[in-house]
2 protein chains.
Amino acid sequence: MQQKRIDRRRPPARTRIRPAVRPRVRVAGDEANRRGDIVRAAARLFRERGFDATTVRDIAKAVGMRSGSPFYHFETKQDILLAVVEEGLAAGLDATEGVLAERLPPREKFHALVRAHLEILLDEGHDFIPVLLYDWRSLTRENRAKIVALKDRYDAVWQQVVRELKRAGLLHIDSPLARLLVLGAINFMATWYRRDGALGLDALADQTVDFFLGPTKR
Amino acid sequence: MQQKRIDRRRPPARTRIRPAVRPRVRVAGDEANRRGDIVRAAARLFRERGFDATTVRDIAKAVGMRSGSPFYHFETKQDILLAVVEEGLAAGLDATEGVLAERLPPREKFHALVRAHLEILLDEGHDFIPVLLYDWRSLTRENRAKIVALKDRYDAVWQQVVRELKRAGLLHIDSPLARLLVLGAINFMATWYRRDGALGLDALADQTVDFFLGPTKR
DNA sequence: CCTACCGATCGGTAGG
DNA sequence: CCTACCGATCGGTAGG
């Protein structure tokens, strides 16, 4: 991190200016949501800058708190990361296992899975999975272990769909490597996809499915 | 980063113990290579822990220097990152454009490209490309701009091979998206491939090609 | 390239 | 949840 050489001395603590406006009308039940606010703000910041480059002060500021206050809700910064990643995987699993329940034909099932995954991977407000993918290293070993079970369920869904595609003659191979290649190609989109670009998620899902399975014949 | 609460006070600077052995016999021309040593050590550390989680002290220690000495070779930590990434791309381009020069048939050309890319992406001692991929965010805007030209040449090679595959009837689509999906699937291997695992790079290249193009018919 | 050091920042805490 | 603060660490530098 770059250090900024500011010439002006820091004003003495007593006279430091407090933020001008802090418009917070506490509604009942609002308190309970502060934790969720922190998780969402942290997710966005982690996704944009990475875990290490995001300070607890950044997170506090993003939700209108003072620098020490996130520690009222979380013991450590690492616990915030864990919450982000767990919440993301839980939401992702919901959407993903929901697709399996629909009992679609293989190609349509694959398309629905891809589309659902693109949503949580790339769409506005869904920052959890990118954080999981790109700040995995920042999780402690213990916290990684807590998450592996969820990740395994995720992989199992994709593996099953890949197997069905092979059985339907739509893919050449259905090994774990095949699953890793498909998911890798999609997950890597988080590095190049621009939310403000011309390519929407629907079109992206269509073209991705066509690439892997070939265009639909009619 | 976790803070370790060490009870013992830091010994006063005067009496601090210096590393026991520092076996350095300076050969002529050795001096010139110290910069390269730093770049290689930094690449490995950046790949393992990420740019932000690696300190200049870590890098110095890895090459047997004292904490301030890397700044004799580089002005800033950011400059070390830039050197890592530039060196990696240059080496990658060499290998990659070399494949194009061989004028192989499409399937073989693709295989050679994949195999060459796996080498610099996953093999021992090649940490540059993973750093490029996963610490891209840590580069300043200016430094990213310096690299884009190299990255574009890289992409152009893959785009051309993808086009040849389509023309040969081995791929359904040859759009930029097709290139991004293929490269994404491969680049994402850096997150899951284990150098000490059972899957070697040759087998991985074979199976990857088979997945995308279908097994060879005979 | 080392010694000795600085200023800034950061995660975290005590007490209210 | 804020105030006020601490200890540690970190990038970087002056001078040799």
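Letters go in sequence order (proteins before strands), and every chain restarts at 1. Source: prediction; values computed, not measured.
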Check: Do the side-chain N or O atoms of R57(A) get closer than 4.0 angstrom to the phosphate oxygens (OP1, OP2) of dC10(C)?
Finding: no
To the nearest angstrom, how far is [X] atom [atom1] from [N] atom [atom2]?
X: H73(B); N: dT13(D); atom1: NE2; atom2: C1'; answer: 16 Å
X: Y72(A); N: dG15(C); atom1: OH; atom2: P; answer: 18 Å
X: E75(A); N: dA14(C); atom1: CD; atom2: C1'; answer: 15 Å
X: R66(A); N: dA14(C); atom1: CZ; atom2: C1'; answer: 17 Å
X: R35(A); N: dC1(D); atom1: CZ; atom2: P; answer: 12 Å
X: I38(A); N: dG11(C); atom1: CD1; atom2: C1'; answer: 15 Å
X: K61(A); N: dC10(C); atom1: NZ; atom2: P; answer: 11 Å
X: Q78(B); N: dG11(D); atom1: CD; atom2: C1'; answer: 13 Å

Next item on the list: Could you tell me how the ring of F110(B) sits relative to the ring of F212(B): parallel (under 30°), tilted (30 to 60°) or perpendicular (over 60°)?
Entry: perpendicular
If you check the [X] side chain, which of [options] turns out closest?
X: T76(B); options: dC1(D), dC10(C), dG12(D); result: dG12(D)
X: K77(A); options: dC1(D), dC1(C), dG11(C); result: dG11(C)
X: F71(A); options: dC10(C), dG12(D), dT13(C); result: dT13(C)
X: M65(A); options: dG11(C), dC2(D), dC1(C); result: dC2(D)
X: T55(A); options: dG11(C), dT3(C), dC10(D); result: dG11(C)

Next item on the list: Convert the base pairs of DNA chain D into dot-bracket notation, remembering that pairs crossing earlier ones are written with [ ] and that bases paired across to another strand are shown as |; include only Watson-Crick or G-U pairs under 3.5 Å.
Entry: ||||||||||||||||
Kindly say whether [Y] contributes a backbone atom to a donor-acceptor pair with the side chain of [X] at under 3.5 angstrom?
X: R153(B); Y: L93(B); value: no
X: E48(A); Y: A43(A); value: no
X: S69(A); Y: M65(A); value: no

Checklist line | Aromatic F51(B) / basic K77(B) pairing, under 6.0 angstrom, 45° off normal | finding: yes
Item checked: Upstream residue (5' side of DNA chain C) when G68(A) and D58(A) are each assigned their closest nucleotide -> D58(A)
Margin query: Tell me which one of M189(B), Q207(B), R194(B) satisfies side-chain contact (heavy atoms from CB on, under 4.5 Å) with L199(B).
Written below: Q207(B)
Note to self: Show the nearest heavy-atom pair for residues S67(B) and A60(B), with the distance to one decimal.
What the structure shows: CA-CB, 4.0 Å
